[in-house]
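Each remark here refers to the structure printed beneath this line.
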Amino acid sequence: MNNLLEKLNNNQKEAVLHTEGPLLILAGAGSGKTRVITNRIAYLIQQKNVPPYNIVAVTFTNKAAGEMKKRVIDLTGSQGNSVFIKTFHSASVYILRRFGERAGIPRFFSIYDSSDQETLIKEILLEMKLDPKKIKPRMIASHISSIKEKAEFFSAGPDALMPEHLPFNFPEVYKTYHQRLKKVCALDFNDLLIETARLLRSCPEELAAMQRMWKYFMIDEYQDTNHAQYLISKYLSSATRNLCVVGDDDQSIYSWRGADIKNILDFEKDYSEAKVITLEENYRSVAQILDSASCVIKNNVHRKKKNLIPVRGDGELITWCRTNNERGEAGYVISKILSLKNREGMKNNDFAVFYRTNAQSRVFEEYLRKENLPYRIIGGLKFYDRKEIKDILAYLKIIANPADAVSLFRVINVPARGLGSASIASIREAAAEKDITEWEVILNSSELKIRASKGLNEFKDVILRGMEIAAETPGKYSLSDLVNEIIEISGYKKSMESDDSTEAKARLENIDEFINSIYDYEQMNMESGLDEFLQSVSLLTSEENPDDVTDETGFITLMTVHIAKGLEFPVVFLTGMEDGTFPHINSIDTEQGLEEERRLCYVGITRAMDKLYITNAEIRRSWGEVRYRIPSRFINEIPAEYIESDEYIDEYSSGSYPSDSFPSENYSASFSSSSFKGRGSVRSFSYSNPKPKAQYEFSTSSFSSNGFTEGMSDHSESKFKLRDVVVHPKYGRGTITGIKGSGDNIKITISFTGGRSKVFLEKYTQLDRLM
DNA sequence: GACCATTTATTTTTT
DNA sequence: ATAAATGGTC
């Protein structure tokens, strides 16, 4: 027993020992949070003799749940298998399936992910003669989620909550959306949580049954809970009040998904008898890194003040590298990785590259591939999001739930069966007219004056055959039998095979991989049929491809900062640190948005154990346009004494940077330190580049015209130059990034602070030059 | 209805 | 820059 507690500091011990009643653990980054939760579970089982099936631990991601389960099993052996460790969404599916009947939840329901949801919303908009291009389905989806939550739990009727000033009939869309979901027996991600909370509130017998089964609750990442998740935790634990929540308000980064930071900030109000334990000792990062993170997050007003104590002491400085463009950024990262591997014997697994948006991963991928460095991208291109996988899943979903119209129309003509828009429209019309499902129309096509074309019959037969097989799965048939049969008789496989493009080949490989993952699933879930399989697959979004789990050479990890939460790496590259990229342009204008970006930055910095590299690109291509970017304001917030500067030019950059324009003998560079605290003070530093070839001046203030500007614009007689810093009467301060035309037709492109850029006719624009 | 050429949107983050 | 959506033609 004592070895359980030996490795813990006093606060951690206290958290483990406090098993009864509500407990709030405010766990700073790297303070050993997961260790506390897992040891607490082990302590309950081994010392308090709590049966493992009485214990529930809830996390946000499948990955976190898997990791926690593994560590619990390490501590407690086979008993750990019986601890209920799941994500909020998978726990909800479990509850709805097992106890949902009285709450009107169908025995089987499909789960609509965000893309299914958007498809459905788009259909509804089209029916209402609205243009999905002007009214974004995604925007509607987020309104629908937040309104449904409020309508459900804050007593106001949905009508009172409809967003105002929308130029269309939102209540109608809202109503139709939910009618349609009901008709197709589907729940969206948000419904899973809301319906679970509703069930717990309105079905006391079912709640009591769950409370007999579950007595101790642990909620991880509590700062990211939304209202429904808050209620689920509250209802489930209401009998014993043994609710332990763990979180860090500084790491709340999901408010855009409905997370409410108040849940953690107000925990002590909700549970007046709550014990509060703060974990401040950081075991992960060297002092320079941790202190830098503290200095950044200090700029947020809406937070609980706290100290982070770097137990490890001093290490290396943070390196901030300015690069000319995104290729230079990638080149720098790769060169650092190579030299750290050669000189310090570091391994691929030690490195992680973070970026703000998925789109930024491409250049890194390209460079890593060029150097033959093994890497993996977490998130981003999700396996289960690939077209071919979604197609096959759509077939399976129809077989399990023929009412699922979104899936039905996804593949009714895949591969092509001659069922185009006309056929689809007539099926839809007949379904609406007779108020039956589209599948029923197809079944009875002969009587319903639907042209029972050859293609329609083929499709019908595929689904019917699939249903026959599914009825005997597991048993006579396995899930993989079913999938193999479907891709065979639907002609899906054949159509891929007859296409000899590399694309089709890759798809076939992915399908193979999918079938392999089904074999694995079958091994682990011998009793599962199609329904269970589909429901677990719908929640597996960011799961890794099955084949890259083990490899002795390891992988360099690429991911967004969001996904990085909860992880740690010896060496971290925090890339794209530019205003407009990080903080992201869409969040830069509100205090709330900016504070969340800052928390995200804090999360990124605190992932690094030994060494942190921060990079920014002066010029970044996005939307097919070249943009000038200034270093992220968050870099300013790091004290200069923790930073060592570096810079790197991509040698192969074509066009914009003629290499002979850089004086090669000059090895010192200077830049205005608008990015350091005292605006205007100038620092110089020695220049070091692994392969010094080109010299580059990073000055934004006294940029002399040299060859650098060539190729970036036409010659013109404008009184302004590229990179002049100007003030626009309406938009404020910005940098000139393009000058085109002549005479009265001089067009000036200005990139404003924050990354927005606009084009003006010089003739009509009052611009003041600042520098 | 299939196939092409042209146009348009895409880029925030995820269960 | 690129993928998806649209529109026109056969």
Side-chain angles (χ1 to χ4, degrees), chain A residues 58-65 86-93 111-117 122 126 131-134 136-139 141-142 145 187-194 196 221 224-226 228-229 251-259 326 354-363 366 378-382 384-385 387 413 415-425 451 453 455 503 535-543 559-566 576 580-588 593 596-597 599-601 603-604 620-627 755:
Chain A
V58 184
T59 65
F60 273 81
T61 64
N62 296 302
K63 201 173 188 171
K86 283 187 183 287
T87 65
F88 265 110
H89 288 82
S90 63
S92 296
V93 170
I111 297 168
Y112 273 19
D113 66 18
S114 8
S115 78
D116 297 327
Q117 196 182 12
K122 203 168 140 191
L126 286 170
D131 185 357
K133 266 183 280 174
K134 291 189 184 127
K136 295 229 169 104
R138 190 186 287 184
M139 186 268 283
S142 90
S145 297
L187 299 178
D188 63 30
F189 278 149
N190 207 36
D191 286 340
L192 292 176
L193 304 172
I194 291 180
T196 302
E221 308 283 10
D224 286 330
T225 47
N226 65 23
Q229 289 161 332
Q251 294 185 63
S252 164
I253 54 176
Y254 287 109
S255 72
W256 48 273
R257 204 169 77 186
E326 71 273 12
F354 298 164
Y355 33 79
R356 177 64 180 80
T357 65
N358 279 307
Q360 289 163 251
S361 70
R362 278 184 49 170
V363 197
E366 192 187 305
I378 313 242
L381 44 121
K382 289 164 219 155
Y384 290 98
D385 268 357
K387 286 176 214 82
N413 200 31
R417 300 187 178 88
L419 299 171
S421 50
S423 315
I424 289 172
R451 213 176 87 239
S453 65
E503 210 182 35
Q535 288 185 341
S536 65
V537 144
S538 306
L539 298 173
L540 277 189
T541 44
S542 60
E543 218 63 0
M559 62 180 118
T560 64
V561 191
H562 277 90
I563 305 178
K565 192 172 66 164
T581 307
F582 196 179
H584 194 271
I585 180 113
N586 295 359
S587 310
I588 223 163
E596 182 143 320
E597 293 289 309
R599 291 194 290 269
L600 190 56
C601 178
V603 167
R620 186 174 291 278
R621 287 173 107 79
S622 57
W623 279 288
E625 248 186 291
V626 170
R627 286 152 191 251

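Worth saying up front: this structure is predicted, and the values here are computed from it rather than measured. Protein chains get the first letters and strands the later ones, always in sequence-line order, with residue 1 at the start of each.
- Considering all non-hydrogen atoms of both residues, A:Arg620 and A:Gly576 come closest at NH2-CA, 3.3 Å.
- Atom CG in A:Leu193 sits roughly 12 Å away from atom C1' in B:dT14 (whole-Å rounding).
- Backbone-only contact: A:Arg362 has heavy atoms under 4.0 Å from sugar-phosphate atoms and none from a base.
- The distance between atom CD1 of A:Ile585 and atom P of B:dT10, rounded to the nearest whole Å, is 16 Å.
- Checked by atom type and distance alone, the side chain of A:Thr225 never pairs as donor or acceptor with a backbone atom of A:Glu221 at under 3.5 Å.
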(message) Dot-bracket for DNA chain B, please. Rules: Watson-Crick or G-U, both distances under 3.5 Å, ( ) within the strand, [ ] when a pair crosses earlier ones, | for another strand, . otherwise.
(response) ||||||||||.....

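- Mapped onto DNA chain B by nearest heavy atom, A:Arg417 and A:Asn190 fall at different nucleotides, with A:Arg417 at the one closer to the 5' end.
- In this structure, the aromatic ring of A:His562 is not positioned over the six-membered ring of the base of B:dT13 within 5.5 Å between centres and 30° between planes.
- Nearest nucleotide to the A:Thr357 side chain, out of B:dT11, B:dT13, B:dT14: B:dT13.
- OP1 or OP2 of B:dT11 has at least one side-chain nitrogen or oxygen of A:Arg138 nearer than 4.0 Å.
- If you check every strand for non-hydrogen atoms under 4.0 Å, A:Lys387 touches sugar and phosphate atoms only.
- The shortest distance between the side-chain N/O atoms of A:His584 and the OP1/OP2 oxygens of B:dT12 is below 4.0 Å.
- For A:Glu596 (side chain) and A:Gly593 (main-chain N/O), no donor-acceptor pair under 3.5 Å exists by modelled atom type.
- Using a 4.0 Å heavy-atom criterion, one finds that A:Ser622 contacts no nucleic acid atom at all.
- Nearest heavy-atom pair, A:Asn190 versus A:Asn226, reported as atom, atom and distance to 0.1 Å: OD1-ND2, 4.2 Å.
- Proximity note for A:Arg356 (side chain, C-beta onward) versus B:dT11, B:dA2, B:dT13: the nearest is B:dT13.
- Residue-level contact check: A:Tyr254 touches the backbone only, with heavy atoms under 4.0 Å from sugar-phosphate atoms and none from bases.
- Nearest approach of A:Ser252 to A:Arg599, heavy atoms of both residues: O-NE, 2.6 Å.
- Using a 4.5 Å heavy-atom cutoff, the side chains of A:Arg257 and A:Phe189 are not in contact.
- Counting any heavy atom pair closer than 4.0 Å across all strands shown, A:Arg599 reaches no nucleic acid atom.
- Atoms OH (A:Tyr112) and C1' (B:dT14) sit 20 Å apart, rounded to a whole Å.
- Atom CG in A:Asp224 sits about 12 Å away from atom P in B:dT14, given to the nearest Å.
- Comparing B:dT12, B:dA2, B:dT15 by their nearest atom to the side chain of A:Glu597 picks out B:dT12.
- Each of A:Asn413 and A:Glu596 was assigned the nucleotide of DNA chain B with the nearest heavy atom; the assignment lying further toward the 5' end belongs to A:Asn413.
- Of the C1' atoms belonging to C:dT6 and B:dT11, the separation is 22 Å, rounded to the nearest Å.
- Using a 4.0 Å cut-off, some side-chain N or O of A:Thr560 falls inside it from OP1 or OP2 of B:dT14.
- Residue contacts for A:Ser90: at a heavy-atom cut-off of 4.0 Å it reaches no nucleic acid atom on any strand shown.
- Under 4.0 Å is where a charged nitrogen must lie from a carboxylate oxygen, and between A:Glu597 and A:Arg356 at least one such pair does.
- As a whole-Å value, the separation of A:Arg621 CZ from B:dT11 C1' is 16 Å.
- Going from the C1' atom of C:dA3 to that of B:dT14 covers 22 Å, rounded to whole Å.
- In this entry the distance linking CD1 of A:Ile424 with P of B:dG1 reads 8 Å, nearest Å.
- The shortest distance between the side-chain N/O atoms of A:Ser423 and the OP1/OP2 oxygens of B:dG1 is below 4.0 Å.
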(request) Go through the steps for A:Val561 and A:Ile253 under the test side-chain contact (heavy atoms from CB on, under 4.5 Å), then give the verdict. (result) CA-CA 10 Å; A:Val561 191; A:Ile253 54 176; over 6 Å; no

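- In this structure, A:Trp256 forms no aromatic stack with the base of B:dT12, since the conditions of centre separation below 5.5 Å and plane angle below 30° are not both met.
- Counting only heavy atoms from C-beta on, A:Ala359 has its side chain closest to B:dT11 among B:dT11, B:dT12, B:dA2.
- Following rounding to the nearest Å, A:Leu600 (CG) and B:dT11 (P) show an atom-to-atom distance of 18 Å.
- Between A:Asn358 and the phosphate of B:dT13, there is a side-chain N or O to OP1/OP2 separation shorter than 4.0 Å.
- Checking side-chain atoms of A:His89 against main-chain N and O of A:Leu192 turns up no donor-acceptor pair under 3.5 Å.
- Across A:Ile111 and A:Gln535, no two heavy atoms sit closer than the pair CD1-O, 3.9 Å.
- Considering every non-hydrogen atom in both A:Asp191 and A:Asp188, the closest pair reads N-OD1, 2.7 Å.
- Rounded to an integer number of Å, the gap from OH of A:Tyr355 to C1' of B:dT11 is 14 Å.
- Scanning all heavy atoms of the two residues, the minimum distance from A:Val626 to A:Arg621 falls at CG2-NH1, 3.6 Å.
- Boundaries of the chain A contact region on DNA chain C are C:dA1 to C:dA4, first to last in 5' to 3' order (nucleotide atom under 4.0 Å from a heavy atom).
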